[in-house]
Amino acid sequence: MTQAETTTSIKVFEPTIIVFACNWCSYAGADLAGVSRLKYPSNIRIVRVMCSGRVDPAFVMKAFLKGADGVMVAGCHPGDCHYLEGNLRAKERIDKMVEAMKILGFEKDRFRLEWISASEGKRFAQIMTEFTEQVRTLGPIKKSE
């Protein structure tokens, strides 16, 4: 095997990241990042939801069970929710979700909650890049046999 063949056969782990993004803020922030041609990893798969408060913990677990290496819920900043307190409901659910994930053996760094407004396209791209790197460092989820 030549050196060129050896270096091309080394495969870098590319995680699959699912982002549940609220329609009014975080999804609009993702849209602004795209329109502004800001780069962030292509590993990100965005699921548009009307409100972060509507993200059921079962959605998060299903994403992991279907092969996601990392999951994020992104919503409006506290006080800016279009549904008044939906993002505060999301925070409560997510806090409980993190505790359940610990019990189930998931690394807490595979899951994240972020507040991103519609005007924060640059921040959206930075957070997606940072989270992808964080999950990449953790490596793939070890499946129990």
Side-chain angles (χ1 to χ4, degrees), residues 4 7-145:
T7 55
T8 57
S9 66
I10 297 172
K11 191 169 185 177
V12 175
F13 167 63
E14 289 299 335
T16 299
I17 309 286
I18 304 298
V19 178
F20 293 99
C22 104
N23 179 64
W24 304 105
C25 287
S26 302
Y27 189 83
D31 190 43
L32 179 60
V35 168
S36 302
R37 298 180 187 261
L38 300 172
K39 294 193 185 303
Y40 60 88
S42 60
N43 319 42
I44 305 297
R45 303 292 181 263
I46 299 174
V47 177
R48 184 183 196 173
V49 295
M50 289 310 291
C51 178
S52 58
R54 297 294 297 151
V55 178
D56 189 297
F59 299 169
V60 174
M61 291 310 297
K62 188 167 186 173
F64 281 119
L65 292 172
K66 293 287 187 175
D69 298 296
V71 177
M72 179 183 293
V73 174
C76 302
H77 288 277
D80 289 339
C81 180
H82 285 68
Y83 298 103
L84 304 178
E85 297 179 356
N87 53 1
L88 301 179
R89 189 175 308 116
K91 173 84 170 100
E92 290 174 13
R93 284 181 173 177
I94 277 131
D95 288 345
K96 291 175 185 171
M97 179 79 193
V98 168
E99 291 304 312
M101 288 178 67
K102 286 181 197 173
I103 292 167
L104 294 171
F106 282 91
E107 296 134 316
K108 67 179 175 100
D109 291 339
R110 292 187 181 280
F111 181 68
R112 193 160 163 181
L113 171 65
E114 285 289 343
W115 310 126
I116 305 168
S117 78
S119 65
E120 295 179 311
K122 184 175 181 182
R123 184 164 184 267
F124 180 89
Q126 289 171 334
I127 288 170
M128 294 307 127
T129 301
E130 177 187 301
F131 187 56
T132 300
E133 285 303 317
Q134 179 178 321
V135 174
R136 185 179 287 128
T137 301
L138 293 171
I141 292 179
K142 284 130 185 101
K143 309 274 191 243
S144 58
E145 303 288 328

CZ-CG distance between Phe64 and Leu104, expressed to the nearest 0.5 angstrom = 11.0 Å
inquiry  = As an exercise, state the distance from CD1 of Ile127 to CD1 of Ile116, rounded to the nearest 0.5 Å.
reply    = 4.0 Å
request  = First locate atom CE of Met128, then atom CD1 of Ile44, and finally report the distance between them rounded to the nearest 0.5 Å.
outcome  = 5.5 Å
Any donor-acceptor pair under 3.5 Å from Ser117 side chain to Cys25 backbone = no
N/O donor-acceptor pair under 3.5 Å between Ser52 side chain and Ala90 backbone = no
query = Donor-acceptor pair, Arg123 side chain versus Trp115 backbone, under 3.5 Å?
reply = yes
remark   = Closest heavy-atom pair, Gly75 versus Ser26, reported as atoms and distance to 0.1 Å, is N-OG, 3.1 Å
ask   = Which heavy atom of Phe124 sits nearest a heavy atom of Ala33, and at what distance?
value = CD2-CB, 4.2 Å
message = Around atom CZ of Phe20, are there more than 12 heavy atoms from other residues, nucleotides or ligands closer than 6.0 Å?
response = yes
query = After noting the C-alpha distance and the side-chain angles of Val55 and Val60, does the key distance pass the side-chain contact (heavy atoms from CB on, under 4.5 Å) rule?
reply = CA-CA 8 Å; Val55 178; Val60 174; 4.2 Å; yes
key: Spacing of Thr137 atom OG1 and Asp109 atom CG [to the nearest 0.5 Å]   = 9.5 Å
key: Residues Cys76, His82; criterion side-chain contact (heavy atoms from CB on, under 4.5 Å); working and verdict   = CA-CA 8 Å; Cys76 302; His82 285 68; 4.1 Å; yes
ask   = Which pairs count as salt bridge (Lys or Arg N to Asp or Glu O under 4.0 Å) when at least one residue sits in residues 45-59, sequence neighbours excluded?
value = none
message = For the OG atom of Ser42 and the CD1 atom of Ile17, what is their distance to the nearest 0.5 Å?
response = 11.0 Å
message = Quick test of your reading of the model: are Glu85 and Lys91 salt-bridged, counting only N-O distances below 4.0 Å?
response = no
query = Would a distance-only check, ignoring hydrogens and angles, find a side-chain to backbone donor-acceptor pair under 3.5 Å from Glu114 to Met72?
reply = no
remark   = Heavy atoms of Pro15 and Val135 approach each other most closely as CB-CG1, 3.6 Å
inquiry  = Is there a side-chain contact between Lys96 and Arg93 in this structure, where contact means two heavy atoms from C-beta onward sitting under 4.5 Å apart?
reply    = no
request  = Answer yes or no: is there a side-chain heavy-atom contact under 4.5 Å between Met101 and Lys108?
outcome  = no
inquiry  = Looking at every heavy atom in both Leu84 and Asn87, which two are closest together, and how far apart are they?
reply    = O-OD1, 4.3 Å
note = Scanning both residues in full, the closest heavy-atom pair of Ala125 with Leu38 reads CB-CB, 4.1 Å
ask   = Below 4.0 angstrom, N of the basic side chain to O of the carboxylate: do Arg110 and Glu107 qualify?
value = yes
task = Please assess Met50 against Trp24 for the test side-chain contact (heavy atoms from CB on, under 4.5 Å), listing each intermediate value before the final yes or no.
result = CA-CA 7 Å; Met50 289 310 291; Trp24 304 105; 3.8 Å; yes
Pairwise side-chain contact, Ile94 with Val73, heavy-atom cut-off 4.5 Å (strictly under) = yes
inquiry  = Counting C-beta onward and ignoring hydrogens, is there a side-chain heavy-atom pair between Gln134 and Phe131 closer than 4.5 Å?
reply    = yes
message = Side chains of His77 and Glu120: any donor to acceptor distance under 3.5 Å?
response = yes
ask   = Are the aromatic rings of Phe106 and Phe111 close, with centres under 6.0 Å apart?
value = no
query = Atom OG1 in Thr132, atom CG in Asn43: separation rounded to 0.5 Å?
reply = 5.0 Å
key: Pair Glu92 + Arg89, salt bridge at N-O below 4.0 Å   = no
ask   = Taking C-beta and beyond as the side chain, do Phe13 and Asp69 meet within less than 4.5 Å on heavy atoms?
value = yes
ask   = If you take all heavy atoms of Leu32 and Gly121, which pair is closest and at what distance?
value = CD2-N, 3.5 Å
